[in-house]
2 protein chains.
Amino acid sequence: MLSPMKDYFTPGEIAERFDLTLDTLRYYEKAGLLRRVDRAPSGHRRYRADDVELLHLVRCLRDTDMPISRLREFAELVREGDHTIPERVEVLQSHQHRLNAHIERMRERQEAIGHKIDYYLGVLSERPEPARRPEGSMDTPVKETG
Amino acid sequence: MLSPMKDYFTPGEIAERFDLTLDTLRYYEKAGLLRRVDRAPSGHRRYRADDVELLHLVRCLRDTDMPISRLREFAELVREGDHTIPERVEVLQSHQHRLNAHIERMRERQEAIGHKIDYYLGVLSERPEPARRPEGSMDTPVKETG
DNA sequence: ACTTGACCTGGAGCGCGCTCCAGGTCCCAT
DNA sequence: ATGGGACCTGGAGCGCGCTCCAGGTCAAGT
């Protein structure tokens, strides 16, 4: 029979796939972000498809700065079974709202920085290259009209 | 003569204005994000308008995760005088690009989380409230059709 | 004279999220 | 049998950005 899909992944494969180190992977497991992962007879970890799936979400939530502690809580809900789905939704929604607010703040800051840049560019265009090269000065190869 | 504008601010005022602690303010100074601030005869710090101005930018850049070390470099450029404005512009622009990329990634993650939420909601609507309230159960006041 | 409150100093400590390490096991290829 | 590579463990260490602390000074109020 043709394997329905590779159903076990090695730590190395997972690490590469999610761009995490083996250490981080083990750390996540210890921290309760993943269940106690299966083992090969050798003792090496074997990740299943649903570990991969959860890791996907974990990665996503970590990337958006959900703290480990909160992620662990979420992972516990997942382990408790489908009846916790409403709670999970609440967690995700609340995270999403925080994230929205965060993105909006970033956008505002970004704009403010843009204004500062514009201000500087204004200063430069008013007195373009003032007192530049005090003589045969340094060898600093300044770009023309940067 | 009418004071042109309050030209000194106490640590407390600054801390409140920027929502920073006195400790953080001092830390920033030690770290070179601010010049060595003026003192009252008592030894207490007295912040000038241009400290405030710089702090404004510092706050903005810290809020967008510019590391302290980079901020110190920027602050040094500011101290070196107007001839460093082109360099400052480069620093800000490069930060802005990183920030744009960051925002974009956040947006993507946000969307992914949204999809997960939708998936969960889908599951819920297929089997709506299975085995909910095993009888006269807990008093959890679950919102109807959340 | 005494208290209160704002601030000072240098230095230690903390929380987070990893990251590194020593020493070991297992398995496969030469 | 030997070597190499992937992985294991428990625990220590790290980098960042603060945060806290003890012990002190100063200025104003009562």
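Residue numbering restarts at 1 for every chain, and letters A, B, ... go by the order of the sequence lines.
Look at CZ on A:F9: it is 14 Å from P on D:dC7, rounded to the nearest Å.
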Sequence neighbours excluded and cut-off under 3.5 Å, please list the side-chain donor-acceptor pairs for residues 49-64 of chain B, or say none.
unit_1 : atom_1 : unit_2 : atom_2 : d
B:D50  : OD1    : B:R48  : NE     : 3.1
B:D50  : OD2    : B:R48  : NH2    : 3.1
B:D51  : OD1    : B:R35  : NE     : 2.9
B:D51  : OD1    : B:R35  : NH2    : 3.4
B:D51  : OD2    : B:R35  : NH2    : 2.7
B:D51  : OD2    : B:R48  : N      : 2.8
B:R59  : NE     : B:F18  : O      : 3.0
B:R59  : NH1    : B:D63  : OD1    : 2.9
B:R59  : NH2    : B:F18  : O      : 3.2
B:R59  : NH2    : B:D19  : O      : 3.2
B:R62  : NH1    : B:M66  : O      : 2.7
B:D63  : OD2    : A:R109 : NE     : 3.1
B:D63  : OD2    : A:R109 : NH2    : 2.4
B:T64  : OG1    : B:C60  : O      : 3.0
B:T64  : OG1    : B:L61  : O      : 3.0
B:T64  : OG1    : B:H95  : NE2    : 2.8

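Residues forming a side-chain contact (heavy atoms from CB on, under 4.5 Å) with B:P86 (at least two apart in sequence, or on another chain): A:L124. Contacts of B:E104 classified as side-chain contact (heavy atoms from CB on, under 4.5 Å), with partners at least two apart in sequence or in another chain: B:R107, B:E108. Remark: A:E29 pairs with A:R45 by the side chain to side chain donor-acceptor pair (under 3.5 Å) rule, at least two apart or across chains. Among residues two or more places apart in sequence or in another chain, the side-chain contact (heavy atoms from CB on, under 4.5 Å) test is passed with B:Q96 by A:Q110, A:I113, A:I117.
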- Query: Where along nucleotides 3-18 of chain C does protein come under 4.0 Å, by heavy atom, of base (B) or sugar-phosphate alone (S), with - for untouched nucleotides?
  - Reply: ---BBSBBB-----BB

